[in-house]
Number of protein chains: 2
Amino acid sequence: MPEEKSKKQIIYEAAARLFRDKGYSATSMRDLARAVNLKASSLYNHIKSKEEILQGICFENAHRFLSGMKEVEAMQGTTSDKVRALIQLHISIATEDVTSVTAFNDEWRHLSDPMLTDFLQLRKDYERRFKMIIEQGIAEGDFRTLDSSIILYTVLSSVRWVYDWYKPGKSIDQGKLESEISAFLMKGILK
Amino acid sequence: MPEEKSKKQIIYEAAARLFRDKGYSATSMRDLARAVNLKASSLYNHIKSKEEILQGICFENAHRFLSGMKEVEAMQGTTSDKVRALIQLHISIATEDVTSVTAFNDEWRHLSDPMLTDFLQLRKDYERRFKMIIEQGIAEGDFRTLDSSIILYTVLSSVRWVYDWYKPGKSIDQGKLESEISAFLMKGILK
């Protein structure tokens with residue numbers, strides 16, 4: 001049902017914007033209904049609760065990043081090509097889909113267990129695999145011998161402004177954004 | 001009254017931890033009273049409202065960064081020494097004072113006007129002055145010719161994980177943290 005899916009996507013995106021601007025706790029289903037031009041009663045035909053939306057958004061994004069990671073692990077190329085591809089993955093998801101901000105900002109903290117534990121597990125798995133690639137680059141002698149956790153979190157964190165602040169088309173186009181952030185970070189990583 | 005000031009500082013720090021973990025909206029004065037081992041009625045002797053705490057934290061941190069900026073602008077040294085000093089400023093405030101996380105995470109969004117406008121004004125002023133230093137480095141030919149906004153926000157954002165995730169003394173000590181993040185970022189900036 002592609003039409004249903006698109007409605008859900010519209011609701012997810014509106015919810016992600018509200019969570020970003022007001023925070024999850026301060027956002028009501030009424031705010032969300034207003035944002036998507038539905039009566040609250042119609043909204044409930046699509047979505048059962050605010051928490052269901054948060055879960056949907058967090059897990060969709062987690063799986064998107066993990067499937068990106070799987071592709072990168074399987075790709076031909078040097079270790080630095082792999083890190084470059086992961087940086088591109090983060091920037092392109094951030095600029096193309098506003099819902100990713102929810103999974104990356106602090107809103108996932110509002111998940112309740114067992115969802116919270118599951119989400120953190122996926123995140124930890126992603127970070128562990130990213131860190132292994134960095135450690136491989138250090139072992140091969142192509143990357144600087146900095147602490148691999150410091151490199152990992154500095155890279156993950158550095159693309160975060162894109163989720164928060166970048167306004168597409170406003171003065172920096174997406175191609176320039178991707179190539180310059182990537183150039184900046186890769187120079188910091190490589191020997 | 002140093003004792004009074006220290007009580008306020010204890011309350012600010014407990015509040016910053018609660019805001020970080022639960023979000024500002026979901027934190028109650030009752031939670032805060034419990035966190036500092038006071039009866040709610042005693043807490044009100046020190047602090048009038050949750051918003052007063054948020055204001056205090058945000059403006060104290062904004063002024064701390066602006067006074068750091070003023071020192072950096074006045075210091076002897078190259079433009080790259082200045083950028084390095086600003087990066088150190090961010091990392092040391094992040095590791096030494098948990099309240100800084102409130103001003104840097106999204107919690108400042110809960111300020112109401114005119115405080116919100118004033119705070120954003122201070123932030124904009126800080127960013128403008130940081131960007132001028134970066135542009136000077138590019139003009140002098142020492143920094144790479146990347147977009148100055150991309151450099152600025154990548155640097156500001158990259159130290160943000162320190163606020164969120166770094167646990168002092170856990171395996172990376174503070175000296176190593178500062179020197180490696182700084183080494184990573186400066187290599188990205190310099191030609």
Give a yes or no on whether A:Met132 and A:Leu122 share a hydrophobic cluster (residues Ile, Leu, Val, Met, Phe, Trp, Tyr; joining criterion: side-chain heavy atoms under 4.5 Å apart). no
Within the side chain of A:Ser157, is there an N or O that forms a donor-acceptor pair under 3.5 Å with the backbone of B:Ser157? yes
Looking only at non-hydrogen atoms, find the nearest pair between A:Phe184 and B:Ile151 and report the distance. CE1-CG2, 4.1 Å
Is it the side chain or the backbone of B:Val155 that comes within 4.5 Å of chain A heavy atoms, both, or neither? side chain
Atom pair CD1/OG of A:Ile150 and B:Ser179 - distance to nearest 0.5 Å: 7.0 Å
If you count heavy-atom pairs within less than 4.5 Å of chain B, which of A:Ser149, A:Ala26, A:Ser158 leads? A:Ser158
Of all the heavy-atom pairs spanning B:Lys22 and A:His110, show the shortest one and how long it is. O-CE1, 3.3 Å
Between OH on residue A:Tyr153 and CD1 on residue B:Ile181, distance to nearest 0.5 Å: 12.5 Å
Pair count under 4.5 Å, heavy atoms only, with chain B: among A:Arg160, A:Glu107, A:Lys176, highest is A:Arg160
Give a yes or no on whether the backbone of A:Asp147 and the side-chain of B:Glu180 come within a donor-acceptor separation of less than 3.5 Å. yes
side-chain hydrogen bond (donor to acceptor under 3.5 Å, both in side chains) partners of residues 132-143 of chain A, not counting sequence neighbours, each pair once: A:Thr79-A:Glu140, A:Glu135-A:Ser148, A:Gln136-A:Glu140
